[in-house]
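Only one structure is covered here, and it is reproduced in the block below.
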Amino acid sequence: MRILIAEDEPRIAAFVEKGLSANGFAVTVVGDGHSAYDYALTGGFDLMVLDIGLPGVDGFTVLRKLRADRCTIPVIVLTARDSVQDTVASLEGGADDYMPKPFRFEELLARVRLRLASDRSAELTVLTCGGLQLDLRTRRAQVGGRTVDLSAREFALAETFLRHPGQVLSREQLLSHVWGYDFDPGSNVVDVYVRYLRRKLGADRIATVRGMGYRLDELP
Ligand code: CA
């Protein structure tokens, strides 16, 4: 899946690019409205993340021009939190979703996946492993048919495990997948959340591999 990011603030662009790349997306970044329009029109992208405040041509105009040209690329708009209402009003249905800044990476990732999944079969949005089931669309988790409440972070961690069943994942991998760029590599947050998940999903499901990390095991 190829994603176009139109964002002129280098820190945000890098943050989004890094996170999406780590999640298996091919990412192209542009920093102004003209490029955003030109790249989106090529048809080479499955989705665009579009900042409203862009130099050259602003995001509103880019989106309006694209829709006028019958370009149907799904668009998630990035907007300042205090102008959400203006933004939604100005979009007039041209955008598929919007994301108020500042945002956490997994909030954006969830919206990206939701947009991309809406075209695909429900099958691909449900991850399963030995009685454990995650529905990426409804954000619901089930263990043996019983619904379990997971926080957004717990869900993201469980999702990472379910995408790599039986594979040892290091703390660093889990940190970058679930917590994004803003983490302290010395933090024990992964261990803490693995503990939460074990409590909710079953203690034997996530094995500790000493000196290496954690592994999701399929229970008989
Ligand atoms: Ca901007």
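Order of listing sets the numbers, starting from 1, for every ligand and every atom in it.
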According to the salt bridge (charged side-chain N to carboxylate O under 4.0 Å, His left out) rule, which pairs have a member within residues 191-213, sequence neighbours left out? Glu154-Lys200, Arg171-Asp191
Could you tell me which residues satisfy salt bridge (charged side-chain N to carboxylate O under 4.0 Å, His left out) with Glu17, sequence neighbours excluded, listed by chain and number? none
Report, as a single number, the protein N, O or S atoms less than 3.0 Å from the Ca ion (ligand 1). 3
4.5 Å side-chain heavy-atom contact, Phe103 and Leu78: yes
Are any of the side-chain nitrogens in Arg111 or Glu107 under 4.0 Å away from the carboxylate oxygens of its partner? no
Phe45 vs Tyr39 aromatic rings, parallel, tilted or perpendicular, using cut-offs 30° and 60°? tilted
Residues 54-61, side-chain donor-acceptor partners within the protein, below 3.5 Å, at least two apart:
unit_1: Asp58; atom_1: OD1; unit_2: Phe60; atom_2: N; d: 3.1
unit_1: Asp58; atom_1: OD1; unit_2: Thr61; atom_2: N; d: 2.8
unit_1: Asp58; atom_1: OD1; unit_2: Thr61; atom_2: OG1; d: 2.9

